[in-house]
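Down below is the structure, laid out as structure tokens.
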Amino acid sequence: MSKTSQQSTTTDVSGVSVIHTQAHSSGLQQVPQLVPVSPGGGGKAVPPSKQGKKNSFVDRNSDEYRQRRERNNMAVKKSRLKSKQKAQDTLQRVNQLKEENERLEAKIKLLTKELSVLKDLFLEHAHNFADNVQAVGTETTTTNPENSGQ
């Protein structure tokens with residue numbers, strides 16, 4: 001069984017190309033494909049929001065243009081102030097974290113010294129306690145041999 005197919009392409013006004021394929025006896029199938037409208041062929045498709053703006057002429061002396069420029073200038077100023085504030089906040093947070101880090105490192109040193117002192121104290125006490133236990137244990141066996149025989 002061999003499949004035979006025929007293709008024909010049509011393009012509508014909006015730049016969408018439709019390929020008609022006839023395979024075996026299934027009839028026509030339509031598969032839409034986007035084709036650039038520009039005469040140059042390839043390239044990026046222009047978004048619908050910017051299609052009408054290229055051809056429109058803007059009068060720089062009009063009130064509408066001045067209002068749009070004023071709004072844009074305010075938005076830019078606001079954006080720059082926000083960015084500057086964010087950078088200052090970040091710098092302040094960095095400085096706070098550095099100070100906290102220094103405090104914590106100092107606390108670590110202090111606690112490490114305290115731990116070392118307590119360890120030495122504990123080991124000295126444990127050593128003295130062990131010596132006392134051995135000394136007491138040997139004294140009772142040597143000084144009371146008469147009691148153990150009775």
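Residues take their numbers from the sequence shown, with the count starting at 1. Fair warning: this is a prediction, and the values are worked out from it, not measured in the lab. The analysis underlying the following values was restricted to heavy atoms, covering all of them including side chains, and did not include hydrogens, waters or symmetry mates.
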Enumerate, atom names and distances included, each donor-acceptor pair closer than 3.5 Å involving a side-chain atom of residues 101-109, sequence neighbours excluded.
none

* Check which hydrophobic residues are tied to Leu123 through side-chain heavy-atom contacts below 4.5 Å, counting indirect links as well, and list them. =>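 In the cluster with Leu123 are Phe122.
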* Asked: Picking from Thr112, Asp120, Leu118, what satisfies side chain to side chain contact (heavy atoms under 4.5 Å, CB included) with Ser116?
  ->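 Answer after filtering Thr112, Asp120, Leu118: Asp120.
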* Asked: Can you list the residues that meet the side-chain hydrogen bond (donor to acceptor under 3.5 Å, both in side chains) rule with Asn61, with sequence neighbours excluded?
  ->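 With neighbours one apart ignored, the set is empty.
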Enumerate donor-acceptor pairs with a distance under 3.5 Å from any side-chain N or O in residues 64-78 to protein atoms, sequence neighbours excluded.
| from | atom 1 | to | atom 2 | distance (Å) |
| --- | --- | --- | --- | --- |
| Arg69 | NH1 | Asn72 | OD1 | 3.4 |
| Arg69 | NH2 | Asn73 | OD1 | 3.3 |
| Asn73 | ND2 | Arg69 | O | 3.3 |

Residues 87-97, side-chain donor-acceptor partners within the protein, below 3.5 Å, at least two apart:
| from | atom 1 | to | atom 2 | distance (Å) |
| --- | --- | --- | --- | --- |
| Asp89 | OD1 | Gln85 | NE2 | 2.9 |
| Thr90 | OG1 | Lys86 | O | 2.8 |
| Asn95 | ND2 | Leu91 | O | 3.4 |

